[in-house]
Amino acid sequence: MYNHKEVEAKWRKYWADNKQYATPEGVTKDNKYYILPQLPYPSGSGLHVGHAEIYIACDIYSRFQRQQGKKVLQVMGWDAFGLPAENYAIKTNIHPRINTDTAIDNFREQIKSLGVSVDWDREVGSHNPDYYKWTQWFFLLMYEQGLAYRKKQTVNWCDSCKTVLANEQVIDGHCERCDSEIELREMEQWYLKITDYADKLIEGLDRVDWPEESIKRQRDWIGRSTGIDIDYEVVGKDFKVTCFTTTPVNFGATFIVVAPEYEYVDQLITDDNREIVEKYIEEAKAKTDLERQVDEKQKTGVFTGSYAINHLTGEQIPIWVADFVLASFGTGAVQGCPAHDERDFEFAKKFDLPIYRVVEGKDGETDKVINPDTETFDQVKIGKGIKRKMINSEMFNGLPFDEGMKATMDYFEEKGWGKRVVNYKLRDWSVSRQRFWGAPIPMLHKPLSEEEKALNELYNNNPYTVISFHAWGSSPTSRYHGWLGEQLAAEGIEYFNPELPNAENPLLSEWLDTMASEVGDKETKNSVVIGRSLGCWSALKFAENHKVRKLILAAPTVPTPSRFSSWQEAAEEKTYEMLVNFIGGDAGNLDIEKVKENVGELVVFLSTDDPYVELEETEKWFRTEFPYARIARYREVGHFDLDEFPGILEEIKQPVALDLKPLQVGDLPVILPDDVDFKPTGQSPLTYSDKFQDGIEKRYGEGWKREVDTLDTFMCSSWYFFRYLDPHNDEAFASKEALENWMPVDFYLGGPEHVTGHLLYSRFFTKVLYDAGYISFDEPFLVHRHQGIILGPDNRKMSKRWGNVINPTDVVNNYGADTIRMYEMFMGPLEQSKAWSEASVQGVRRFIDRIYKFSTTNEFANQLDSATEAELHKTIKKVTADTINLKFNTAISEFMKFINYAEKAQVTKEQWETFLVLMAPYAPFLTEELWQGSFGHSDSIHMQEWPKHDDSLLTQQSVTIAVQVNGKLRDTVEVEFDSDQEAVESAVKDSEKVQKYLENAEPKKVIYVKNKIINYII
RNA sequence: GCCGGGGUGGUGGAACUGGUAGACACGUUGGACUUAAAAUCCAAUGCCUUUAACCUGGCGUGCGGGUUCGAGUCCCGCCCUCGGCACCA
């Protein structure tokens, strides 16, 4: 009898003592294989059979790849921050670290009992300071790249969890964790600009091997739509209402609707309507998202009293407010084209607004005015693929709908009434949480002094100017300067971009004189000063003597030691001379303290492949000299010789935040304090810690305090797969070498519920790292698959409520780890959901016992039996193919077929051992016990090379042919392999069953498929 | 409502590019072993029909149609189910 408990304990110890699954050295791009099981949340209720399924599948694959000669990385870690632990802590008044660590210890033991070949020396936990130090570093990276910002806006608030949630964490208007209904609140929060990456996130999906539906879901979630923003004049007002539309059927635009939160809504309301409109807006804002959707077809809305002018018809069309318009999508205002948009149709019907047909009806209707009581929307709607023609649209008449839309957009752009734009459903990712058990946000705040308040007012509510220093050998029109001038002019921003003298052999003093005379005695306090290349030095010198709002340095040629020496040594001796000449004398001495004092914010742009500015050294110089400089890295833009540079335009427009300061990397981690009352109040618990703010003012200046919100735990899990590569690194989140060798992940297994959350975020993080030049790939997970849900024996989702929860550790104890491994894989395809069956578990255990019994009691043959050899090779071929394709269920059925065969056949010991090697990834304990124990090998079966099949052994001697008459199976005949038609037909002559049907007629036609079927047509 | 996956025996599920549907397992039934039970081993097992029996014939992959010598697999139209999104202009 096979004693699984004894055997498993023995080999677990042996593998651990021998460090058998330590990550191998000597990894290259070609021999590495990175297998990633999704990071678990270590919940207090222990491991679930669904978790087990992931780890088992990944482990089988890992062991298989190892035996195929790959160097495998398989690691485990914990997504350890989060609400359940905190809620439990609140209930028990025990610190969440304690219950989290207990849960982790429990999880670890449970996972180890499954026999997974994980390198436990690389285990990570997101709640450990040496991990969350780098989560915080990622936040700072986002901040420096201009991708983290604070904004006050409507957020999803879960009142039960007392925290804000990201859109991705709201399911059907309910909290994904506790299921309570989500409220909308106005709050100031930290956001990550994932929307900047919308296009890159869509584009990358073409390059990954993921389940088709997951790719589609991500694409839909990002929700790219192309259309046009149309500016409408408002009668009697001096501002315009801009509507976003994808289908500008504008001859049919008969009204405009804006969201209750629309920014100019107040100015649209006329006195007569004020009371009623304001009441409506107030009520709408009080509603939850869910409440707004309750009566989908029951449109509500009120007329503001204002009118806009339809460009094409010249008609005045009323502007309404209605809550079906979303403030967060497009411009928050839409044009009502009721004939061809269902919502607009409902709205127009309810409020008796005109409906004009501008596309031919379903049955060829052409009359312009539609009566919604007699004609349904179905008659007029323009569905996908419907190619009806435009009518009642003057110059667009007769065009097919698609072309009509294009023509209209062209026309509007030509007339300057609109501009083509792209909109996304994707929203920026809100990452602040008002909870305790998370990574503190590494930022500082302070209340503004009176003086600063005035400055802030100046920065934010007054026109500002832009001053630009071009580079050596440049001109005001070269590089991006000319483009920038146009862009700024279009926005009405004043731009000083003079020609600096002697561009080929410049002198700093001359450049500064020119700039001084250009600027004259204008106040520069609210100016953005830009330098590029050598112009940066001038810009810095300028800032020595002028107060400026912001200093932007692109490709700064600052005098780092190697900079000068390399120029000195380089062939370009003239360059060195010129530089010395330029900076020469006192002019070259920069008073850094003065610059710091004068500059509101210093922003540095570096390129990862700048031939003149060494990236890391320059970065270090700025971090030393200007600790609070924000350094953004751009991927491969050379010396910023760009014709267009949208990044700089965005940066110019970004206001300076005087009340914020990022921590420096050297000050990380911001440790989560222990002296905290974590009862939720809606205020972050860190607010109440005394220790947390200790020494901050002393170190950073009066008034400064740490940010008390913590980071969304999804930030922790957005980069964990990098940490596994180099988990003990103090200098970086992972070394360059480790990143280059191991990434990207070759195989990632996880649940489909993370498609629009974790997987999107992880891709975003990776792309940001790529753009900042830290890595050379921009998709983290090449191959991704989902495991299906394992249901309870009653076919319901496992839950305490139904009492149908299976604890994997019980199964391990009762039947053994190999049994649960093989059972969970044998249940069905990995990606499919399937119900637990105790009887089937026993069936698998029976199979294990049969293998054990056969191995230990069978009398092995001395002579090789060729039929057995053929069977073995057939098994090798099928198991290999199935394992590669993750069809573990059919691989296991192949094992069963082979034991069924072997029990009745002559099998040599070597043949049987080969079979055991095939089974090793699936049943690691049993096979190891037999290999080393019963068969006396002195090394591990898991280090054995994967067997290869020999195709020549697979050719069968004879083959069974199906004989059909008129497509119906009547008999089968045995013939020699590869027989021709004649031989088969003669064999068929001996079949009475078939002859019975062929007796009376000569077949009209005979179809023969070699080695498969023969079909007589009579 | 829109988008996507899936409907195969009593059950979980097999079936390569169209070529013997139901591999493998569970369950069930019968038998062997046993005083007995469990365990184990052997045999049968899609449904219907027919036969005392070997057998005969038919029907079968959600439903209806089509293409084909031949369809679980391809095409058209439905039904059911699971999952996602949900006023995204």
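Chain letters run A, B, ... following the sequence lines, proteins first and then strands; every chain starts at 1.
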task: Establish, with yes or no, whether the OP1 or OP2 oxygen of B:C26 is under 4.0 angstrom from a side-chain nitrogen or oxygen of A:R846.
output: yes
Checklist line | Sidechain N-carboxylate O distance under 4.0 Å for A:K406, A:D402 | finding: no
Notebook entry, point to check: Taking the six-membered ring where the residue is Trp, are the ring centres of A:F888 and A:Y922 under 6.0 Å apart?
Noted result: yes
A:L969 atom CG is separated from B:G72 atom P, nearest whole Å, by 13 Å
Separation of B:A23 atom P from A:I892 atom CD1, nearest Å, is 18 Å
| query | What does A:I1017 touch in the nucleic acid at a heavy-atom separation under 4.0 angstrom: a base, only the sugar-phosphate, or nothing? | reply | sugar-phosphate
Considering just the side-chain nitrogens and oxygens of A:N889, establish if one lies under 4.0 Å of OP1 or OP2 belonging to B:A23.
-> no
Any A:Q832 side-chain nitrogen or oxygen under 4.0 Å from OP1 or OP2 of B:G13:
yes
Here the distance between atom C1' of B:C88 and atom CZ of A:R427, to the nearest Å, is 8 Å
Rounded to whole Å, CD of A:Q842 lies from P of B:U28 at a distance of 11 Å
Handout entry: Phosphate-side-chain proximity, A:S833 and B:C82, N/O vs OP1/OP2 below 4.0 Å
Key = no
Do A:K299 side-chain and B:C87 base share a donor-acceptor contact under 3.5 Å?
yes
| Which is true for A:R845 with a 4.0 Å heavy-atom rule: it touches a base, it touches only sugar-phosphate, or it touches nothing? | nothing
* List the steps and the verdict of side chain to side chain contact (heavy atoms under 4.5 Å, CB included) for A:Q153 and A:R427. => CA-CA 12 Å; A:Q153 72 165 40; A:R427 302 269 72 89; 5.7 Å; no
Any salt bridge between A:R420 and A:E413, counting N to O under 4.0 Å? yes
* Ring centroid separation for A:W417 and A:Y232, is it under 6.0 angstrom? -> no
Any strand, both distances under 3.5 Å, Watson-Crick or G-U wobble: B:G77 pairs with B:C63
### Query
Given the P atoms of B:G5 and B:G10, what is the spacing between them in whole Å?
28 Å
- [ ] Using only side-chain N and O atoms of A:K887, determine if any of them is under 4.0 Å from OP1 or OP2 of B:A23.
- [x] no
Quiz item: Just checking A:N423: base, sugar-phosphate only, or nothing, at a heavy-atom cut-off of under 4.0 Å?
Solution: nothing
### Side-chain N or O of A:R217 closer than 4.0 Å to phosphate OP1/OP2 of B:C2
no
Name the nucleic acid region contacted by A:Y424, choosing base, sugar-phosphate or nothing; use a 4.0 angstrom heavy-atom cut-off, strictly under.
nothing
**Q.** Touch class at under 4.0 angstrom, heavy-atom based, for A:R970 against every strand present
**A.** sugar-phosphate
Touch class at under 4.0 angstrom, heavy-atom based, for A:T972 against every strand present
base
**OP:** Under 4.0 Å between any heavy atoms, over every strand shown, what does A:V325 touch: base, sugar-phosphate, or nothing? Just pick one.
**Re:** base
Students often get this wrong, so: under 4.0 angstrom with heavy atoms, is A:G843 touching a base, only sugar-phosphate, or nothing? sugar-phosphate
Per the glycosidic torsion and the 90° limit around 0, nucleotide B:G31 is anti
